[in-house]
Visitor: 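Would you mind keeping the following structure in view while I ask a few things?
All of these numbers come straight from a predicted model, not from anything done at the bench. When a ligand or atom number is given, it counts from 1 through the structure's own listing order. Throughout, residue positions are numbered sequentially from 1 according to the sequence presented.
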Amino acid sequence: MNTPSKHAYVPFVSVDNMMRLVHRIGIERMLCDLAAEIEADFLRWPDFDKTPRVASHSDIGVIELMPTSDGETYGFKYVNGHPSNTKQGLQTVTAFGLLADVATGYPLMLSEMTILTALRTAATSAMAARWLAPEGASVMALIGNGAQAEFQALAFKAVCGIKEVRLYDIDPAATRKCVRNLAGSGLVVTPCRSAEEAILNAQIITTCTADKQFATILTDNMVGSGVHINAVGGDCPGKTELHRDILLRSSIFVEYPPQTRIEGEIQQLASDHPVAELWEVITGRAAGRSSPTQTTLFDSVGFAVEDFSALRYVHRRLKEFGLYQDLDMIADPDDPRDLYGMILRAAKG
Ligand code: NAD
């Protein structure tokens with residue numbers, strides 16, 4: 001990709017600059033761009049090094065590393081998931097990530113990824129729904145109205161043409177926040193008092209809740225045939241959102257089976273239960289939705305390639321917007337073998 005200059009400063013995209021970038025590009029434009037970027041990388045899926053993410057679990061959360069490479073560029077994300085964090089005024093999910101040049105191993109960019117993860121997760125969900133949701137879908141139920149929720153709503157509006165979102169959260173304050181934030185978005189926003197009420201007339205159901213347990217946000221009798229379920233919140237061993245019976249009558253689509261079998265809704269199923277990979281649908285190797293009565297499920301857990309696509313998108317736009325700071329992050333002695341001498345000379349300076 002880029003050859004690092006002799007002074008190997010690494011561009012750093014702070015939270016502040018990421019927010020500016022979102023405003024300068026426009027959030028719906030950015031969500032559409034990211035969906036296209038991610039889809040383009042899913043089209044060349046075999047080019048990527050793939051591994052289930054490396055997870056370090058505790059009783060109340062998880063810290064994960066998500067690496068991948070296309071042979072030219074390497075990327076990784078550090079991300080956590082701590083559902084009880086919000087009680088202390090902290091976020092459930094925070095992240096940062098890095099792109100590097102495979103040819104030299106030098107970093108190309110370090111970036112905040114808490115906002116970028118919300119954007120890429122929503123863009124991936126909406127991209128998947130374009131292949132899987134019933135034609136003409138215009139109403140989406142959004143269960144779990146926390147940090148990811150507005151991003152999901154806006155991605156489905158921008159990418160899939162959703163016109164109404166029906167909101168439900170066990171915490172009414174979260175729903176009120178979501179209603180407030182989506183005012184003026186052009187979406188019809190309907191707060192609901194139960195999950196059952198939220199899914200009335202919805203052709204798409206997004207579950208985006210956080211709880212470190214086998215939760216049952218949707219039971220089998222709540223889900224009519226023909227809907228598309230975008231299950232975002234179940235993304236960790238022991239953390240799911242859907243009753244197993246829903247899985248048994250759904251066509252299930254996943255990002256990367258070796259990771260999803262550990263982390264996704266399908267951890268509730270036998271390890272050989274058939275699933276289709278999203279990249280196979282996009283490249284025409286597997287069927288997507290094949291009938292209006294089919295219940296489709298995108299069992300989203302978030303995969304490294306999506307972060308890679310999102311980081312590369314931000315990296316490509318760095319020079320255009322100039323929204324970064326240079327980090328003095330790579331030791332850069334004049335003589336590459338004289339690292340110690342560089343420290344000695346620094347004492348004199
Ligand atoms: P958050 O804590 O900000 O919001 C979660 C919301 O879910 C809260 O408002 C909470 O009140 C609500 N909730 C909990 N149990 C509920 C229930 N039974 N019914 C209705 N609402 C309920 O978390 P967030 O950042 O919005 O993330 C949501 C989930 O998505 C988390 O589990 C997170 O790990 C996951 N996530 C997945 C991906 C992915 O790529 N698949 C990416 C980011 C986050």
Visitor: Enumerate the atoms of ligand 1 whose separation from the nearest heavy atom of G146 is less than 4.0 angstrom.
Guide: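 This gives 3 (O), 4 (O), 6 (C), 9 (O), 26 (O) as the contact atoms.
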Visitor: Donor-acceptor check, side chain of R249 to backbone of D220, threshold 3.5 angstrom: yes or no?
Guide: yes
Visitor: If you draw a 6.0 Å radius around CD in E320, do more than 12 non-hydrogen atoms from other residues or ligands fall strictly inside?
Guide: yes
Visitor: Heavy-atom contacts with R120 under 4.0 Å: which atoms of ligand 1 show up? List them by number with element.
Guide: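 What qualifies from ligand 1 is 40 (O).
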Visitor: Could you walk me through whether H243 and T219 pass the side-chain hydrogen bond (donor to acceptor under 3.5 Å, both in side chains) check?
Guide: CA-CA 5 Å; H243 192 282; T219 52; over 6 Å; no
Visitor: Using a plain distance cutoff, I'd like to know if G233 has any nitrogen or oxygen under 3.5 Å from a nitrogen or oxygen of ligand 1.
Guide: yes
Visitor: Please confirm whether A215 approaches ligand 1 to less than 4.0 Å, judged on its heavy atoms.
Guide: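 No, that is not the case, since the closest heavy atom of the residue is not under 4.0 Å from the ligand.
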Visitor: Considering distance alone, does some N or O of V93 sit under 3.5 Å from an N or O of ligand 1?
Guide: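 For ligand 1, there is no N or O atom that lies under 3.5 Å from one belonging to V93.
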Visitor: Indicate yes or no: at least one non-hydrogen side-chain atom of K157 is less than 4.5 angstrom from one of L31.
Guide: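 With C-beta onward as the side chain, the pair stays apart.
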Visitor: Mind checking whether I27 and E150 have side chains closer than 4.5 Å, heavy atoms only?
Guide: no
Visitor: Check this for me, if you would: do D235 and K239 make a salt bridge, where the nitrogen-to-carboxylate-oxygen distance has to be below 4.0 angstrom?
Guide: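 Yes, D235 and K239 are salt-bridged.
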Visitor: Can you sort out which atoms of ligand 1 are near T92, meaning under 4.0 Å from one of its heavy atoms?
Guide: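 So the answer, numbered in order with elements, is 1 (P), 2 (O), 23 (O).
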Visitor: Between ligand 1 and E306, can you find any atom pair, the residue atom being a heavy atom, that is separated by under 4.0 Å?
Guide: no
Visitor: Keeping K50 on the side-chain end and T68 on the backbone end, is there a donor-acceptor pair under 3.5 Å?
Guide: no
Visitor: Could you tell me whether some N/O pair between D211 and ligand 1 is separated by less than 3.5 angstrom?
Guide: no
Visitor: Show the atoms of ligand 1 that are less than 4.0 angstrom away from any heavy atom in I217.
Guide: 17 (C), 18 (N), 19 (N)
Visitor: Could you tell me whether T86 and ligand 1 have an N or O pair separated by under 3.5 Å?
Guide: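 No: no nitrogen or oxygen of T86 is under 3.5 Å from one in ligand 1.
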Visitor: Where the closest heavy atom to atom 6 (C) of ligand 1 is concerned, which of T117, L167, D169 has it?
Guide: D169
Visitor: Kindly assign one of parallel, tilted or perpendicular to the pair F48 and F308, based on the angle between their ring planes and the thresholds 30° and 60°.
Guide: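 The arrangement is perpendicular - the two ring planes meet at more than 60°.
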Visitor: Side-chain contact test, heavy atoms from C-beta onward, threshold under 4.5 Å: evaluate it for V15 versus I115 and give yes or no.
Guide: yes
Visitor: For N221, is the CG atom crowded, meaning more than 12 foreign heavy atoms sit under 6.0 Å from it?
Guide: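 Atom CG in N221 is packed in, count exceeds 12.
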Visitor: Which ligand 1 atoms are under 4.0 Å away from a heavy-atom of G302?
Guide: 39 (C), 40 (O), 41 (N)
Visitor: Taking only heavy atoms of V301, which atoms of ligand 1 are found under 4.0 Å from at least one of them?
Guide: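 Those of ligand 1 that fall under 4.0 Å from V301 are 39 (C), 40 (O), 41 (N).
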Visitor: Distance to 0.1 Å, residue and atom name: give those for the protein heavy atom nearest to atom 42 (C) of ligand 1.
Guide: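 The protein heavy atom lying closest is T121 OG1, 3.2 Å.
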Visitor: Would you mind running through ligand 1 and noting each atom that sits below 4.0 Å from a heavy atom of K239?
Guide: 31 (C), 32 (O), 33 (C), 34 (O)
Visitor: Could you list the atoms of ligand 1 found under 4.0 angstrom from a heavy atom of A174?
Guide: 9 (O)
